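A quick write-up on the structure given underneath.
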Amino acid sequence: MLDINFIRNNPDKVKQAIALKHENAASIDQLLEVDTQRRSMIHACEQLKSKRNEKSKEVRELKKKGQDASKIIEETKKIGDDIKSIEEKQKELDSQITNLMLRIPNIPAADVPIGKDEKDNVIVRAWGQRKTFDFTPLPHWELGSILNILDPERASKISGAGFILLKGLGAKLERALFSFMLDVHTSEHGYTELFPPFLVNRTSMTGTGQLPKLEEDMYRTAADDLFLVPTAEVPVTNMHRDEILSYKDLPIYYTAYSPCFRREAGSYGKDTRGIIRVHQFNKVELVKLVKPETSYDELESLLGNAAKILQLLGLEYRVAKLSTGDMSFAAAKCYDIEVWAPGLNKFLEVSSCSNFEDFQARRTNIRFRDEDGKLRFVHTLNGSGLALPRTVIALLETYQQKDGSVIIPDVLQHYMSGIKVIAK
RNA sequence: GGAGAGGUGGCUGAGCGGCUGAAAGCGACGGUUUGCUAAACCGUUGUGGAGACAAAAUCUCUACCCCGGGUUCGAAUCCCGGCCUCUCCGCCA
């Protein structure tokens, strides 16, 4: 959420930013109007409260002297009634404001390309050489079928469309990959590994910005009002909710594996083939809590940490700086890492690295005391490091051979109990 | 799932209707002392909101003793609901 003070002082800037993210800018005028009303109400209410406190003191004094206080008590009772009625109205305005505030997106950083959608994203760098084949590379689902490591029919029998069932070395490859990623991030990039809960409460989901806007995209357990995590970002960022950290604690780097659950409502018909877009997938997440003045440098290094995985795996990728129109609700700046999938003949998004500045910190109330003893909001960042299914796709399709077998990259062989190739 | 106990400031812990934004201790910070360290002594030490101010500093008011309601002139304190923690019993991978 944004700072209400900032919105008051820069309504036009905020409206402009909102329009760039395709959100409704009219809510700003509404917000400011309600905000003005609310403030005058607070003022009136506090004056009454002050009066009441004084009168109560008088009652106390009179009673102490054994004198009659019934007249003042009568008066004060009336003040109390007035306070109650103002408070009721004020509460209504409070909830209106909270509601509006939670739906205002973050403001894009100055160097974010202005644009409508993903077509306006800017490719900022590319890594790796395009792999050439002396045969036509197959898409991963055909490789999965040939190697008997993917069982889409039974996955949908068990759970429905959009679920993955891995078998044998396919399952092992999955496990190898996230172990490998966690090891790289902990031992080479300085992240602390976490294993968080995969069910979280409503407050946590609101803190990181999934709620209220995206509730229909989330899986929810009705009996307990808990949500299946759509990414480890949610439990990990919420770890420090309502905490005050010391500047000495920062920066904090966390990495966590989690399955990710997404209903993908509204994306029916897109990427239905194979395992490109599914309701449950594994991911290793990177989360940083940092001092504001360092957050953009931290974003670059986070991006580098995620990309390192693809470099180690020898997979071609490119990095896109997202345009204002393609960025998520909470992000101020975001890079996507896209990996090349030869069988599909296209790039697939495997990571989204974002700086949220203080947007999430404000919602989650994560602050730190700086060198001067002042309380400030931290900046939060996160990125996938990486999402598994699409990494698996790229890996299978890139390292496939003519007979359908797949070579395991050197760095993974250790995690695959020394297996060098997945063959029929 | 059943029975009980409890949630107070950075921490420990008192208070159980008004003089309590909160005793005491610890910690932290500043100062005096000191060759250095330690000790001792003195002082400071919460957060949100509204208003005053062009702004910062500052000041005034207001709220906050897990959260939300209620009783009362007045609530950390009494009542109701919720959440969480602990102990015992049961069940269970």
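Numbers restart at 1 for each chain; the letters A, B, ... are given by sequence-line order, proteins then strands. All of these numbers come straight from a predicted model, not from anything done at the bench.
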Any strand counts, and the cut-off is 3.5 Å on both contacts for Watson-Crick or G-U wobble. Which nucleotide pairs with C36(B)?
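Looking at the geometry, C36(B) pairs with no nucleotide.
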Please give the nucleotide sitting opposite C92(B) as a Watson-Crick or G-U wobble pair, both distances under 3.5 Å, or none.
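Pairing partner, where one exists within any strand: none, as none qualifies.
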Nearest-angstrom distance from the residue atom [atom1] of [X] to [atom2] of [N]:
X: Arg202(A); N: C83(B); atom1: CZ; atom2: C1'; value: 15 Å
X: Leu48(A); N: G74(B); atom1: CG; atom2: C1'; value: 16 Å
X: Tyr247(A); N: C29(B); atom1: OH; atom2: C1'; value: 12 Å
X: Ile83(A); N: A50(B); atom1: CD1; atom2: P; value: 19 Å
X: Ile86(A); N: A50(B); atom1: CD1; atom2: P; value: 17 Å
X: Ile42(A); N: G49(B); atom1: CD1; atom2: P; value: 10 Å

Would you say Arg8(A) places a side-chain N or O within less than 4.0 Å of OP1 or OP2 belonging to A50(B)?
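Checking Arg8(A) against A50(B): at least one side-chain N or O falls below 4.0 Å of OP1 or OP2.
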Examine U71(B): is either OP1 or OP2 under 4.0 Å from a nitrogen or oxygen in the side chain of Lys84(A)? Give yes or no.
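So the side chain of Lys84(A) is within the cut-off, an N or O lying under 4.0 Å from OP1 or OP2 of U71(B).
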Using a 3.5 Å distance criterion without hydrogens, assess whether the side chain of Asp249(A) forms a donor-acceptor pair with backbone atoms of Ser246(A).
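Yes: the side chain of Asp249(A) pairs with the backbone of Ser246(A).
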Under 3.5 Å: donor-acceptor pair, side chain of Arg263(A), backbone of Glu216(A)
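Yes, Arg263(A) side chain to Glu216(A) backbone: donor-acceptor pair under 3.5 Å.
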Please step through ring pair (Phe, Tyr, Trp, His ring centres under 6.0 Å) for the pair Tyr257(A) and Phe178(A), ending with a clear verdict.
CA-CA 7 Å; Tyr257(A) 154 82; Phe178(A) 63 69; 4.2 Å; yes
With hydrogens left out and only the distance checked, is there a donor-acceptor pair under 3.5 Å joining Glu46(A)'s side chain and the base of G51(B)?
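Donor-acceptor pair under 3.5 Å: no.
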Would you call Asp35(A)-Arg39(A) a salt bridge at under 4.0 Å N-O?
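Salt bridge present between Asp35(A) and Arg39(A).
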Give Leu375(A) one of three labels, base, sugar-phosphate or nothing, depending on what nucleic acid heavy atoms sit under 4.0 Å from its own.
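Sugar-phosphate contact only.
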